[in-house]
Amino acid sequence: MTTKRMLVTAALPYANGHIHLGHLVEYIQTDIFVRFQKLRGRRCIYICADDTHGTAIMIRARQEGRPETELIADMQAAHQRDFAGFDIAFDHYGSTNAPENYELCKEIWAKLRHQGLIREADVEQLFDPVAGTFLADRFVKGTCPVCKSPGEYGDNCSKCGATYSPSDLIDPVSTLSGATPEKRSAQHLFVQLEMLHPFLDTWTQSGNHLQDEVANYLKGHFLGKPLRDWDVSRPEPYFGFAIPDSPGNYWYVWFDAPVGYIASTHQWCKLHSERLDDWWRNPETEIHHFIGKDIAYFHTLFWPGVLHASGFSLPTFVHIHGFLTVDREKMSKSKGTQVSAAKYLEHLDPSYLRYYYASKLGPRLDDIDLNLAEFAAKIDSDLVGKVVNLASRTARFVESLGLAQEYPHDGGLFAAGAAAGSKIAEAYEQVDYARAMRLIMELADAANAYVENTAPWTLKKDPNQQVRLQEVCSVVLNLFRQLCVYLAPVLPRLADGCGRLLQSEIRSWQDSQTPLVGTSVSKFEHLMQRVDPGKVQQMIEESKDQTPVTVPNATVPASVAVAETTPAPDEPLQLEPLAPTCTIDDFAKVDLRVARVIKAEEVPEAKKLVKLTVSLGGDVTRTVFAGIKAAYTLQQLEGRLVVIVANLQPRQMKFGLSEGMVTAAGPGGTEVFLLGVDSGAKPGQRVH
RNA sequence: GGCGAUGUAGCUCAGUCGGUUAGAGCAACGGCUUCAUAAGCCGUGUGUCGGUGGUUCGAGUCCACUCAUCGCUACCA
């Protein structure tokens, strides 16, 4: 049973950064899905837009000294250029900062109000008096209130994992201005998601709208208890839409972003004389969202809740994919593996990446790995060596003859390939592109074996075999064309090239079911080049440290900015910027003492902690818990001198009272480096 | 810390409802071929299916525990 219409979206890229290879997993995956549906004759549109609102955009525009609208316009142009370069063919690409979006937000908001889903409450939040804005978690840094690790963000601690609110941080600092934030209270508006709980239970757990593991995740983690209210407003200043019935408040970017799916569709409708209701309020329309697993919560709970409450259609399916790693590691700017779309296109053919991703993408949430060696090998072997080679080794023989008038006997090869079409289509339909590619390559193998067995190069030499030569080449070129049809959703350029070669455009999946006869054959030209490993290398090299992380704005004391060269983004100074200037008196408040570790004990239940008993000389001892379990053995610790913060307020921890802090450098985990003192120092001596 | 996953050949991955001797591609090795972009064809696999224990006539598959790896973590569980 197929519906009349199909609406497909990919997540809206945020206007604060450029598209990179990680983003492209999603846009390519979605594009393949849409192209497949269209090839199959479905009425299908691919809708996307730039996500433009929020504090980050406001701050960045301020730093760049220009209006937000200018910033987001530039970024949108860049995004659309990148997508076009990868043959990602949106039917419409809009922006969340559009009048259509504002109107829809108002409409949805009114419905939520009307149903009593909105409540108001005061929220105490940190406010940056210099930048004049409230501070989101990520814009506050300070010392973790639990483990006392410095330089942690306002939401949770990367060292001990504790979660807290920004106002719990010790000595919080605004990363925008370096100022000390103050607490301010402001009215916020909340969606009472719990009221939609019964609906969400049903929608997520039945009807097959989600991958199983996603449904399980939601059930196990969110749906087993009351759903939290969702804070959907932000006080001014904010770059976004003002909430009509709540002066001084704006919709949080995450409120209006998904509405952008509808708004962008609306824009498309206006351009094509279509009715929005046919696409968003009609059971004859399927809606498919493609997203990454990081934003699963919004698309599987909040968004369906909002759609339900405001009378729009619910997604037929939310397809969630994993992340991209490069050579098994998280993309890294310093290693050059965070490659921008634009940089890739300077060096390599977009078809390579489309095919490589297709060959790795399955229907599940697994992360996919871009293995650079495999990347080249796969393209060379599958596409150049197997598929394109079919044309390459036969087309020249029939340039003057064209294809046979009648499709010759081929031992059932074409028919078998045609029959495989339904399995391939099924794999595409299930977003199991990896399986589809495997099935297609099996056909390519069979076709190459046919070339081997019929040996057209031998036939060519025998004047009596010219008819047979034409027959054999007609078979091979038809098998090649069949493969191109199956690959067309992934490789539109190859399909076009095939159309030019055989002088018959590939328009439909059905083209795979009937052989082509009697057409002439164009002069053969290479349809795809082998991967030049040098270019891959060059792309990686040029991606290293391309964009230094934006340094906090100009209100940072000048002394901070004296470094001659900007440190690489992964370098320590960049990861943890210098704290604001403190006075000698400030420093004197911290009493650092030399201490000797007299006992180091295992804390079996603790993952990171070691219990240390340290001597400050004489019989003064302190018990200190230190998060260095992964970096030091007990033997290494016992007897050595360390530097401790001796006047730190004692902290009750899970395993006992910690009466100080051992000083160390490094990011944590196994990379912790205790401070030592040169020999001669005595326990109890103060560090000045 | 919480949660979600993953672990099968050198690499990337299939493996349905538990059912013979666990598969494919790539890589490697041997042979053939020379039309083709150093492409193609044929052949070659002694894998503690991460580990331990359990259920079963039978476990890669189900259960428990465990180790390792990865990811997510909202104004936050």
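Quick note: numbers below take in every heavy atom, side chains included, and nothing from hydrogens, waters or symmetry partners. Throughout, a chain's letter reflects where its sequence line sits, starting with A, and its residues are numbered from 1.
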Worksheet item: Using 4.0 Å as the upper bound for N to carboxylate O, is an ion pair formed by A:Glu374 and A:Lys360?
Response: yes

Discussion item. For the C1' atoms, the ones on B:rU55 and on B:rG47, what distance do you get once it is rounded to whole angstrom?
Written reply: 26 Å

Fill in: Euclidean distance, atom CZ of residue A:Arg435 to atom C1' of B:rG15 [Å, nearest integer]
12 Å

Item to complete: Using heavy atoms to find the nearest nucleotide of RNA chain B for A:Val451 and A:Ala446 separately, return the residue whose nucleotide is more 5′.
Response: A:Val451

Discussion item. Under 4.0 Å, heavy atoms only, any strand: does A:Met528 hit a base, just the sugar-phosphate, or nothing?
Written reply: base

Worksheet item: Taking only side-chain nitrogens and oxygens of A:Tyr450, does any of them come within less than 4.0 Å of OP1 or OP2 of B:rC41?
Response: no

Worksheet item: Contact class for A:Val214 vs. all strands (heavy atom < 4.0 Å): base, sugar-phosphate, or nothing?
Response: nothing

Worksheet item: Donor-acceptor pair, A:Asp380 side chain versus A:Val531 backbone, under 3.5 Å?
Response: yes

Worksheet item: What integer distance in Å separates A:Asn453:CG from B:rC41:P?
Response: 10 Å

Item to complete: Just jot down the salt bridge (Lys or Arg N to Asp or Glu O under 4.0 Å) partners of A:Asp532, sequence neighbours excluded, or say none.
Response: none

Pairwise N/O distances under 3.5 Å, protein to nucleotides 24-31 of chain B:
none

Discussion item. Keeping A:Glu182 on the side-chain end and A:Pro129 on the backbone end, is there a donor-acceptor pair under 3.5 Å?
Written reply: no

Discussion item. Checking the side chain of A:Glu26 only, and the main-chain atoms of A:Gly292 only, is there a donor and an acceptor separated by less than 3.5 Å?
Written reply: yes

Item to complete: Round to the nearest Å and state the distance from A:Asp349 atom CG to B:rU37 atom P.
Response: 18 Å

Discussion item. Angle between ring planes, A:His319 versus A:Phe317, binned at 30° and 60°: parallel, tilted or perpendicular?
Written reply: tilted

Discussion item. I'd like to know if the side chain of A:Asn448 and the backbone of A:Lys386 have a donor-acceptor N/O pair within less than 3.5 Å.
Written reply: yes

Practice prompt. Specify the residues of residues 389-404 of chain A, ordered by number, for which at least one heavy atom lies under 4.0 angstrom from an atom of RNA chain B.
Written response: A:Asn389, A:Ser392, A:Arg393, A:Arg396, A:Phe397

Worksheet item: Taking the same atom, C1', in B:rG10 and in B:rU52, what whole-Å distance lies between them?
Response: 27 Å

Worksheet item: Going by the ring pair (Phe, Tyr, Trp, His ring centres under 6.0 Å) test, which pairs reach into residues 368-392 of chain A, not counting sequence neighbours?
Response: A:Tyr356-A:Phe375

Worksheet item: Hey, does A:Asn448 reach any base, or is it just sugar-phosphate, or nothing, if we go heavy atoms under 4.0 Å?
Response: sugar-phosphate

Practice prompt. Report the distance from atom NE2 of A:His526 to atom C1' of B:rA39, rounded to the nearest whole Å.
Written response: 10 Å

Item to complete: Pick base, sugar-phosphate or nothing for A:Leu324, based on heavy-atom distances below 4.0 Å to the nucleic acid.
Response: nothing

Response to the item:
Applying salt bridge (Lys or Arg N to Asp or Glu O under 4.0 Å) to A:Arg234 and not counting sequence neighbours gives A:Asp231

Discussion item. If you count heavy atoms of other groups shown closer than 6.0 angstrom to CD of A:Glu399, is the number above 12?
Written reply: yes

Discussion item. Would the distance check show the side chain of A:Glu194 and the main-chain N or O of A:Leu227 forming a donor-acceptor pair, the cut-off being under 3.5 Å?
Written reply: yes

Worksheet entry | Nearest-Å distance once atom P is located in both B:rC17 and B:rC63 | 13 Å

Worksheet item: Which value, in whole Å, describes the distance between the C1' atoms of nucleotides B:rG51 and B:rG45?
Response: 24 Å

Worksheet item: Rounding to the closest angstrom, what is the interatomic distance between B:rC26 and B:rU44 at atom P?
Response: 15 Å

Worksheet item: What distance, rounded to whole Å, do you find between the two P atoms, one in B:rU48 and one in B:rA22?
Response: 13 Å

Fill in: Atom-pair distance (CZ on A:Phe480; C1' on B:rU37), nearest Å
13 Å

Practice prompt. Return the value, rounded to whole Å, for the distance between atom CZ of A:Phe323 and atom C1' of B:rG71.
Written response: 8 Å

Discussion item. Under a 3.5 Å distance rule, please check whether A:Tyr14 uses its side chain to pair with a backbone N or O of A:His53 as donor and acceptor.
Written reply: yes

Discussion item. Over all strands shown, is A:Phe524 touching base, sugar-phosphate only, or nothing at heavy-atom distances under 4.0 angstrom?
Written reply: nothing

Worksheet item: Should A:Phe397 and A:Leu459 count as side-chain neighbours, where that means a heavy-atom distance under 4.5 Å?
Response: no

Worksheet item: Taking the side chain of A:Arg530 as its heavy atoms from C-beta onward, which of B:rU37, B:rC75, B:rC35 lies nearest to it?
Response: B:rU37

Worksheet item: Hey, where does RNA chain B pair up into stems, meaning at least three consecutive Watson-Crick or G-U pairs with distances under 3.5 Å?
Response: B:1-7 with B:67-73, B:10-13 with B:23-26, B:28-32 with B:40-44, B:50-54 with B:62-66

Practice prompt. Name the residue closer to the 5' end of RNA chain B, choosing between A:Lys460 and A:Trp230 according to the nucleotide with the nearest heavy atom.
Written response: A:Lys460

Discussion item. Is it the case that the side chains of A:Asp382 and A:Tyr355 hold a donor-acceptor pair, with the cut-off being a distance below 3.5 Å and no angle test?
Written reply: yes

Fill in: d(OH, A:Tyr297; C1', B:rG71) in whole Å
20 Å

Practice prompt. Take atom P in B:rG1 and the same atom in B:rA59, then report the distance between them in whole Å.
Written response: 36 Å

Worksheet item: What distance, rounded to whole Å, do you find between the two C1' atoms, one in B:rC72 and one in B:rC65?
Response: 25 Å

Fill in: Distance, rounded to the nearest Å, where A:Trp457 contributes CH2 and B:rG40 contributes P
12 Å

